[in-house]
Student: 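Quick one: the structure is below, questions incoming.
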Amino acid sequence: MNVRYFAAARAAAGVEEEQFDLPAGATVESLLEAVLAVHRPEPPAGTPPLPRILSRSSFLLNEVAVRDRSVALGPGDVVDVLPPFAGG
């Protein structure tokens, strides 16, 4: 599975995107747990911690909004992490 981070999520993760190899039956929730397991607990100064960002983020699965974190993922799936955006 590929995870792409945007805005504050990118800053907190320290990468734009990364690959995860999870077992069959993995869900969006288990992917997010894997993300948190590999990232440092302290983000760069002035950036909210990744767990807080993920708790407020929206997610796209293969470019379609997903709200149910129990949705199963496949090996080629792409999950986008979209933190809340401000602006007009």
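Residue indices begin at 1 and follow the sequence shown.
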Student: Find the distance between CG (D77) and CG (N62) and round it off to the nearest 0.5 Å.
Tutor: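 Rounded to the nearest 0.5 Å, the CG-CG separation comes out at 4.0 Å.
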Student: Are V35 and V3 side-chain neighbours, meaning at least one heavy-atom pair lies under 4.5 Å?
Tutor: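 The answer is yes; the side chains approach within 4.5 Å.
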Student: Given side chains that start at C-beta, do those of E18 and H39 come closer than 4.5 Å, heavy atoms only?
Tutor: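 They are in contact (side-chain heavy atoms under 4.5 Å apart), so the answer is yes.
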Student: To the closest 0.5 Å, what do you measure between CZ (R67) and CG (L61)?
Tutor: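 CG of L61 is found 13.0 Å from CZ of R67.
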Student: I'd like to check the side chain to side chain donor-acceptor pair (under 3.5 Å) partners of E17; sequence neighbours left out, ordered by chain and number.
Tutor: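 Listed in chain order: N2.
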Student: Enter the distance from R52:CZ to R56:CZ here, rounded to the nearest 0.5 Å.
Tutor: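 The CZ atom of R56 is 5.0 Å from CZ of R52, to the nearest 0.5 Å.
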Student: Yes or no on side chain to side chain contact (heavy atoms under 4.5 Å, CB included) for V79 and L60, after CA distance, side-chain angles and deciding distance?
Tutor: CA-CA 5 Å; V79 174; L60 301 180; over 6 Å; no
Student: Which atom names give the shortest non-hydrogen contact between A9 and L50, and what distance separates them?
Tutor: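 That closest heavy-atom pairing would be O-CD1, 4.1 Å.
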Student: Are V15 and R10 close enough, and set up right, to give a side chain to side chain contact (heavy atoms under 4.5 Å, CB included), and what steps lead you there?
Tutor: CA-CA 6 Å; V15 295; R10 181 184 308 162; over 6 Å; no
Student: State, yes or no, whether a side-chain contact exists between M1 and L22 at a heavy-atom distance under 4.5 Å.
Tutor: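 Sidechains of L22 and M1: in contact.
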Student: Check the hydrophobic clustering (I, L, V, M, F, W, Y; side-chain heavy atoms under 4.5 Å; chains of links allowed) and say if V78 and V71 are grouped together.
Tutor: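 The answer is no; the residues belong to distinct hydrophobic clusters.
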Student: Above 12 or not: heavy atoms from other molecules or residues under 6.0 Å from CD of Q19?
Tutor: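 Yes, CD of Q19 has more than 12 neighbouring heavy atoms, counting only those of other groups under 6.0 Å.
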Student: S70: which residues meet the side chain to side chain donor-acceptor pair (under 3.5 Å) condition with it, sequence neighbours left out?
Tutor: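 D68.
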Student: Would L73 end up clustered with V64 when hydrophobic side chains under 4.5 Å apart are linked, directly or stepwise?
Tutor: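 No, it is not one cluster - the side chains of L73 and V64 are not joined through contacts under 4.5 Å.
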Student: So do the side chains of F59 and L82 get within less than 4.5 Å of each other, counting heavy atoms only?
Tutor: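 Not in contact.
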Student: Quick one: pull up CD1 in I53 and CZ in F6 and give me the separation to the nearest 0.5 Å.
Tutor: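 Rounded to the nearest 0.5 Å, the CD1-CZ separation comes to 14.0 Å.
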Student: Roughly how far, to the nearest 0.5 Å, is OH of Y5 from OG of S57?
Tutor: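 S57 OG to Y5 OH: 10.5 Å, rounded to 0.5 Å.
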Student: Name all residues meeting the side chain to side chain donor-acceptor pair (under 3.5 Å) criterion together with R4; count only those two or more places apart in sequence or in a different chain, and write none if there are none.
Tutor: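 For R4, the residues satisfying side chain to side chain donor-acceptor pair (under 3.5 Å) (neighbours in sequence not counted) are D80.
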